[in-house]
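As the structure is a prediction and not an experimental result, all values here were calculated from the model. Every number for a ligand or one of its atoms is a count from 1 in the order of the listing. Residue numbers start at 1 and run along the sequence shown.
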Amino acid sequence: MDKSLKILLLSSLLLSLFSPSIAQTCGTYQFSSNKLFATCTDLPYLPSFLHWTYHPSNGTVDLAYRHAGVDTSAWVAWALNLDKAGMEGSQTLVALHNTTGAAHAYTSDVSSYSTTLAQSNLSFNVPSLSAEYVNNVMIIYATLVLPSGRTSFNQVWQNGVVSGGSPQAHSFTGDNMRSTGTVDFATGQTSSTGGGGSLQRRRNVHGVLNAVSWGTLMPIGAIIARYLKVFKSADPAWFYLHVTCQSSAYIVGVAGWATGLKLGSDSSGIEHTTHRNIGITLFCLGTLQVFALLLRPKKDHKFRLYWNIYHWTVGYVAIILSIVNVFEGLDILSPSKNWKRAYIGVIIFLGSNAVMLEAYTWYIVLKRKKTGSDKYPNGANGQTHSTWPQQTV
Ligand SMILES: *[C@@H]1O[C@H](CO)[C@@H](O)[C@H](O)[C@H]1NC(C)=O
Ligand SMILES: *[C@@H]1O[C@H](CO)[C@@H](O)[C@H](O)[C@H]1NC(C)=O
Ligand SMILES: *[C@@H]1O[C@H](CO)[C@@H](O)[C@H](O)[C@H]1NC(C)=O
């Protein structure tokens, strides 16, 4: 066979292998009905695309929204939000396979987060609307009469699963929480609010506050209490450091906890049950610790040993739950992998320090035992109250 023919065959084979993915980007897409649109954009999250033609003469826009990679049990939606950036208030076009098995499009005015995407009229006219399903791509065709001469809007887009004939809540992690942005039908400009919107920002703030307080400061406070005591010169400084560390962790942690509760109530229908329950448990344990400090018996009181056992048990349980819940939260937020790596790094750093300090503490304890010193670091010899600072009540 001629060499150039081989090359031609090979390259057409390669091209046919890659053409499905080429066909997925917006500029080269051929609609089955040979519909043509003047402008298109690859939306920045979820495999979705918006094509449109804007008619300045009558302020209408003909559009096609394509959402790839969905099966027949999915719903997809695209919406303009006239007043806000998020989902609440969004004027939504929904497409799904209805009970007759046909791809069906309808409108839904989403007034709250607990929507079931029931059919309702939008605040502007939609003279034509239809859906088409080809090769795992759902397409919504629509003509919108843009309200009050505006051409620039917030847009949101989503997908989820239909179950028992009704659309279920979409995923609340990853790109499904980032799929918002703006579109200007006249200029063709689009922007991503970076999965932003105020909700995402608040989720990030919640994450940072709690990862720093419950997830980092509290373990540091415990390490201070357990290992600084062994240095006689650090007595009673360790105690004040411990109290300062834990009370700042508690104050920041309660702020973070409150932002979590608010997030939970603002997004009813979103269930992060485990994360929420651990969070509430942590708040109770943390508060118990603060009150326990006020009820602490004097160091030579006969109940002091029991108090110490209680204080450590609650403390260690709280720290373990805190770390577990930071990871739960990271899974929900699914930020870039670097955040998870950074937090794993912090935990490994604290953990390895604790291991080294534990070994060092035992070394000192055994050495003191040999030289007959009567002062043992707290906890290492079972005489748990021996080095509690004199100054403290
Ligand atoms: C708007 O105007 C365009 C042409 O300018 C026309 O093709 C289209 O049908 C009009 N749409 C409506 C809804 O009147
Ligand atoms: C299902 O969708 C098709 C296509 O949009 C529509 O003609 C039909 O009325 C719908 N049936 C139901 C029960 O919603
Ligand atoms: C929706 O709009 C149509 C046409 O304008 C109207 O006939 C219908 O009553 C409206 N439905 C509701 C629930 O307002």
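Shown in contact with T99 at under 4.0 Å from a heavy atom are these atoms of ligand 2, numbered in order with element: 13 (C). Near S57, meaning under 4.0 Å from one of its heavy atoms, ligand 1 places the atoms 2 (O), 5 (O). Which parts of ligand 2 touch A103 is read off a 4.0 Å heavy-atom cut-off, strictly below it: atoms 4 (C), 5 (O). Heavy-atom contacts of T100 reach the following atoms of ligand 2: 1 (C), 11 (N) (cutoff under 4.0 Å).
Nearest protein heavy-atom contact of atom 10 (C) of ligand 2 is N98 ND2, 2.3 Å. The protein atom (non-hydrogen) at minimum distance from atom 11 (N) of ligand 1 is N58 ND2, 3.0 Å. Scanning the protein heavy atoms around atom 5 (O) of ligand 2, the nearest turns out to be H104 ND1, 2.7 Å. Looking only at heavy atoms of the protein, atom 4 (C) of ligand 1 is closest to H55 ND1, 3.9 Å.
Inside a 4.0 Å radius of atom 7 (O) of ligand 2 there is not any protein heavy atom.
Inter-residue side-chain proximity for S322 and L282 is flagged as met; some heavy-atom pair is nearer than 4.5 Å. Looking at heavy atoms from C-beta onward, H275 lies in side-chain contact with N325 at the 4.5 angstrom threshold. Side chains of Y306 and P297 form no contact here, defined as non-hydrogen atoms less than 4.5 Å apart.
For the side-chain contact (heavy atoms from CB on, under 4.5 Å) with I139, the qualifying choice from Y133, F49, F31, Y65 is F31, the only one to do so. W78 pairs in a side chain to side chain donor-acceptor pair (under 3.5 Å) with only one of the listed residues (Q158, Q91, Q155, H67), which is Q155.
Nearest-heavy-atom check against atom 13 (C) of ligand 1 across T53, T60, L144 picks out T60.
Contacts between A131 and ligand 2 below 4.0 angstrom, taking non-hydrogen atoms only, are absent altogether.
The closest approach between a heavy atom of S130 and any atom of ligand 2 is not below 4.0 Å.
Expressed to the nearest 0.5 Å, how far OG of S108 lies from CD of Q119 amounts to 8.0 Å.
With 3.5 Å as the limit, one finds no donor-acceptor pair spanning the side chains of Y106 and S120. Side-chain contact, E132 with S32: a donor N or O sits under 3.5 Å from an acceptor N or O.
F327 and Y343 have their aromatic ring centers within a separation under 6.0 angstrom.
Residue T143 has no N or O atom closer than 3.5 Å to an N or O atom of ligand 1.
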